Number of protein chains: 2
Amino acid sequence: MRNHAEELRALQDTLYFIGGKWRLPVINAICNGHRRFREIERSIPGITTRMLSKELKEMEMNNLVTRTVYADTPVLVEYAPTAYCRSFGTIIQEMIRWGRQHRKTILKGRADKP
Amino acid sequence: MRNHAEELRALQDTLYFIGGKWRLPVINAICNGHRRFREIERSIPGITTRMLSKELKEMEMNNLVTRTVYADTPVLVEYAPTAYCRSFGTIIQEMIRWGRQHRKTILKGRADKP
DNA sequence: TTATCTGGTATACTCTATGATACTGGTTAC
DNA sequence: GTAACCAGTATCATAGAGTATACCAGATAA
């Protein structure tokens, strides 16, 4: 209730930063130890190469990941999470919790069908 | 790392449920005590009547809010949050926290500009 | 009387996020 | 030799989320 405007602004900033449907799944994948491009791609069924590529670029620009190229043969590329990236941990955990609960509730056939 | 697939599914369920850019702001407004249509509308600068109307309809269908009409003159409509609606509390709070922290960090001129 | 509040609906438009598909150049395995 | 891996890029198409604007009927205030 108090300082609704400021809360709203903070909330909207976060929503804006998160943006589309892939940002959080990608952050989660990387924070869960997936480092290589194809590895991340495989760990998120449904994402296309194009979207992952776009996400990773933006995330690098926003300092959410670092991209390291090991110029051996074959070239190896590694994406690693920054502290900034990990700062989404609690949000993601809460969302996972909610999603699990939601699924349970739906399966029990209640809650969103009263 | 463990059961990444299940976590991902839960996360994506939540993201899907949240949907667009207005769902969480509207939930927040209603949970913060705004009950009337125009009141909610005013409390979220930038939202249009059309989007708010759409959101509220979907939210009613999803059992996130109840819509009560008091048929006095003038007719009075009240939107109230359900428990389901309030279950987003922690997610929203975490997002507000993140947004505030983000703003601080940006203002200090660091973090996302290394 | 005119303006302003209420709770919305209707129509038209924009735009961008996402999806689908194909391709590249190099490496390694069969 | 060809198939499959790597890390992507390029091009095109499209749904639908979001915006803009105007409008309705009824009540209230100036």
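Letters go in sequence order (proteins before strands), and every chain restarts at 1. Given the structure is predicted, the values throughout are model-derived calculations rather than measurements.
- In terms of polar N and O atoms assigned as donor or acceptor, the side chain of B:R36 never comes within less than 3.5 Å of the base of C:dT6 in a complementary pairing.
- At a cut-off of 3.5 angstrom, the base of C:dG8 holds no donor-acceptor pair with the side chain of B:R50.
- Considering A:V65, A:I44, A:L64 in turn, A:I44 is the only one that fulfils the side chain to side chain contact (heavy atoms under 4.5 Å, CB included) rule with A:V26.
- Ring-plane geometry between B:F17 and B:F88 is classed as parallel, the angle between the planes falling under 30 degrees on a 0 to 90 degree scale with a further cut at 60.
- Atom CG in B:L56 sits about 10 Å away from atom C1' in C:dG8, given to the nearest Å.
- For D:dT19, the OP1/OP2 oxygens have a side-chain nitrogen or oxygen of B:K21 closer than 4.0 Å.
- For B:E94 and B:R97, the salt-bridge test passes: some basic side-chain N is under 4.0 Å from an acidic carboxylate O.
- Rounded to whole Å, the distance from CD on A:E41 to P on C:dA20 is 13 Å.
- Nearest to the side chain of A:T49, among C:dA17, D:dG18, D:dT9, sits D:dT9.
- Following rounding to the nearest Å, A:K57 (NZ) and D:dG8 (C1') show an atom-to-atom distance of 8 Å.
- Between B:E6 and B:R9, none of the side-chain N atoms (NZ, or NE/NH1/NH2) sits under 4.0 Å from a carboxylate O, so this pair counts as no salt bridge.
- Across the protein-nucleic acid pair, A:I47 atom CD1 and C:dA20 atom C1' stand 15 Å apart, rounded to whole Å.
- Comparing A:G19 and A:P74 against DNA chain C, the residue whose closest nucleotide sits nearer the 5' end is A:G19.
- Applying the 4.0 Å criterion to OP1 and OP2 of D:dC6, one finds that A:Y70 has every side-chain N and O outside that range.
- Mapping B:S53 and B:R42 onto DNA chain C by nearest heavy atom places B:R42 at the nucleotide closer to the 5' end.
- A:K54 comes within 4.0 angstrom of a base, heavy atoms only.
- Rounded to an integer number of Å, the gap from A:R23 CZ to C:dT16 C1' is 15 Å.
- Counting any heavy atom pair closer than 4.0 Å across all strands shown, A:R67 reaches sugar-phosphate atoms only and no base atom.
- One interatomic measurement links the two molecules: CG of A:L52 to C1' of C:dA20, which rounds to 16 Å at whole-angstrom precision.
- For the pairing with A:D13, the side chain to side chain donor-acceptor pair (under 3.5 Å) check across B:H102, B:R103, B:Q101, B:R100 returns one residue only, B:R103.
- The distance between atom CZ of B:F37 and atom P of C:dT6, rounded to the nearest whole Å, is 11 Å.
- Rounded to an integer number of Å, the gap from CE of B:M51 to C1' of C:dT14 is 14 Å.
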